[in-house]
Every structure is written in structure tokens, then in C-alpha cells.
Amino acid sequence: MTAGRDSVRAWAAEARHIAVLTGAGVSAESGVPTFRDALTGLWAQFDPQELATESAYRAHPERVWDWYAHRRTMLAKALPNAGHLALARFGQTHPDRLTLVTQNVDGLHQGAGQPETIALHGSLMEDRWLDAPRACCNSQPPQEGRPPVCATCGNLRRPGVVWFGENLPPAALAAAEAGVARCDVMLVVGTSGQVYPAAGLAFAAHQQGARVVVINPETTELDRIADVCLREPSAICLPFLLESS
Ligand code: BV8
């Protein structure tokens, strides 16, 4: 009999350390469209890798800025769901037994009360300068526009996210790898597992002998290394798995 949610709940209760990797699916029940679903309306004809790259931004700054502005608007109405809250409660109760790593840029794990969430791909709510700022750039507020720019040198503001082809923040990646190296259970929640190096963390957990549990209503690239796949929405599954631990 393949192990089911009851076994995973027992594994979580006994685990010395749990690593969790989340993707857009953990925020779906908060009304935040998943990455592929974020390509609706105006942006439906684009491949995410066409929009979420530096070269796309330099070629079409207005189009890419508008896409991020659209996602920010959607996010402004979103609240953490029962999945985010279950992880936050577990982290507050057992701070040394959880490493929470997210690919999400929506800040909902942090909003649920998990400030030490490791955000591998940055934050949608923070901007920075596209090119290294000159004295002029920080001597006056950016000039409003789509995108805002430095009124003197024209440097563009850009979303504080990690674009395809860009390195992840080294400290975040190192902290994630350290948490995965010491976990005996890894929960892979709401991710299609197609983007690296984030997806590689699940392989690392599997290789070091941890039990890997995929929580996703659909099949994913990572099912083949999973000990168990729970075909459930995360806002239902995570409270069940973690609340007794
Ligand atoms: C890099 C921020 C070094 C921006 C993002 C190795 C092999 C192949 C390719 C590569 C490789 N190494 C590097 C690459 C290239 C590339 C990559 O991985 N390409 C893939 C796509 C082929 N990686 C990079 O470029 C990374 N940088 O490697 O730098 C380097 C430098 C130079 C040259 C080479 C390498 C940077 C990657 C980060 C990109 N930024 N986000 C933004 O948000 O705009 S990635 C972005 O897409 C998200 O952050 C996330 O990571 C990914 C989306 O995936 P998911 O979150 O999984 O979302 P998705 O929509 O796909 O799936 C949702 C899932 O939820 C589904 O499975 C669904 O069934 C499920 N679901 C739905 N509802 C629920 C649910 N689950 C549970 N409950 C529910 N209710």
C-alpha cells in the first residue's frame, strides 16, 4: 500500500528537520495566478522567459513594466491562505526544525508570519536600478513613468526579482542548500519543478536520503524522485500534515 497523507503526517511529526520548497501553486488559493496563469490577457502571447529577462526589459521596458504592475495589482488584494499559515505556525513552534524556501516573489509566506523565508527569486514589491546607480540616480526621487527613470541619466527602475539568466542571491541559495542538506523530510509544494537551480534542491534532498513528498493536484517534473505524491491543494494538505507536529 503506497504511503498516503497519514504516513506523511507521521514523518513530519518525527522529523528532526523539514525542508520545504514552494512554488506559485501554494499561493493559488490566495487568488494569485500561478506563473503560467499570470500570462493572461495582454500577455497571453508571451512565453514567461520572454518577459522575465533583462534583454526583454531593455527591448520592451514599457511592456515588461506593465506586466509586473499588473501582477502587483493582483497581489495587492491577496492574503496568505491556510497553507501559508500552517507553515508559519510550524516555523514559529519549531524554529529549528524548518527551512522554508520559496520561488515565489509574492511575499505571502513572510506575510503569514515567516520572516526568515528564503526567497530564492526576490520580491515583486521591491524595485531597484537596472544599471549601477550614478550619484544622480539616488540624489532625487525617480521620475514617474512606465518604468520610472532617473531624470538626469535615464537609468531605469526594475522589479527586485531574479530574471532568467540571472544568478540567484548567493546567500539565499547557500541557506537553502544548507537546510536541504540537514533535512530528513522535504515537502515540494505547488511547483511544476521546471526552473533551476530551485528544482535541483529536491534532487539534493533525495540524494542525501531524505523522504521527498510532492504536494500538487497535477503531475510535476519532480514526481519521479518523490516517495509520495499527494494530489491535493496545499491549503487543505499542509494544515493536515503539520498541525499535529
Ligand atoms: C540561473 C522571478 C545562473 C521572476 C523566476 C538547468 C537546466 C535547465 C535550465 C537551466 C538550468 N540552470 C539554469 C537554467 C536556466 C533557467 C531555467 O531554469 N530555465 C527553465 C525554465 C528551463 N534558470 C535561470 O535562468 C535561473 N538563473 O540559472 O543563473 C545562470 C546564469 C547565466 C546563464 C545560465 C545560468 C533563474 C531562474 C529564476 C527566474 N525567475 N521568478 C518573476 O516572477 O517574474 S522563475 C518563476 O517561474 C517562479 O519564481 C518559479 O520559479 C517559476 C514558476 O514555476 P512554479 O512556481 O512551479 O509555477 P508554475 O506556474 O510553473 O506551476 C504551478 C504549480 O502549482 C503547478 O504544478 C500546479 O499544478 C500547482 N498548483 C496549482 N494550484 C495548486 C497547486 N499546487 C498545490 N496547491 C494548489 N492549490
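Read the numbers this way: they start at 1 and go in the same order the structure lists the ligands and their atoms. Just so it is clear, the model here is predicted, and its values are computed rather than measured.
Only the side chain of A28 comes within contact range of ligand 1, with a heavy atom under 4.0 Å; no backbone atom does.
Polar contact check, W163 against ligand 1: no nitrogen or oxygen pair lies under 3.5 Å apart. Taking any N or O of Y68, backbone or side chain, at least one lies under 3.5 Å from an N or O belonging to ligand 1. Remark: ligand 1 and W67 share no N or O pair separated by less than 3.5 Å (distance only, no angle test). Between H121 and ligand 1, a contact under 3.5 Å exists for at least one N or O pair. The N/O atoms of V161, backbone and side chain alike, include none that comes under 3.5 Å of an N/O atom in ligand 1. In terms of N/O distances under 3.5 Å, ligand 1 is approached by Q103. Of the polar atoms of F164, none of the N or O atoms is found under 3.5 Å from an N or O of ligand 1, judged by distance alone. The distance criterion of under 3.5 Å between nitrogen or oxygen atoms is not met by P233 with respect to ligand 1.
Side-chain contact check for L201 versus V101: some heavy-atom pair is nearer than 4.5 Å.
Sorted by first and then second residue, the pairs that involve residues 179-202 and meet salt bridge (charged side-chain N to carboxylate O under 4.0 Å, His left out), not counting sequence neighbours, are R16-D184. Applying the salt bridge (charged side-chain N to carboxylate O under 4.0 Å, His left out) test to residues at least two apart or on different chains, none of the pairs has a partner in residues 102-124.
The option with the heavy atom closest to atom 4 (C) of ligand 1, from among N216, V105, V162, is V162. Distances from atom 63 (C) of ligand 1 to the heavy atoms of G23, S27, G190, G83 put G190 nearest. Between N167, L230, V189, T191, it is N167 that holds the heavy atom closest to atom 30 (C) of ligand 1.
In this structure, A198 does not count as a contact residue of ligand 1, since none of its heavy atoms falls inside 4.0 Å of the ligand.
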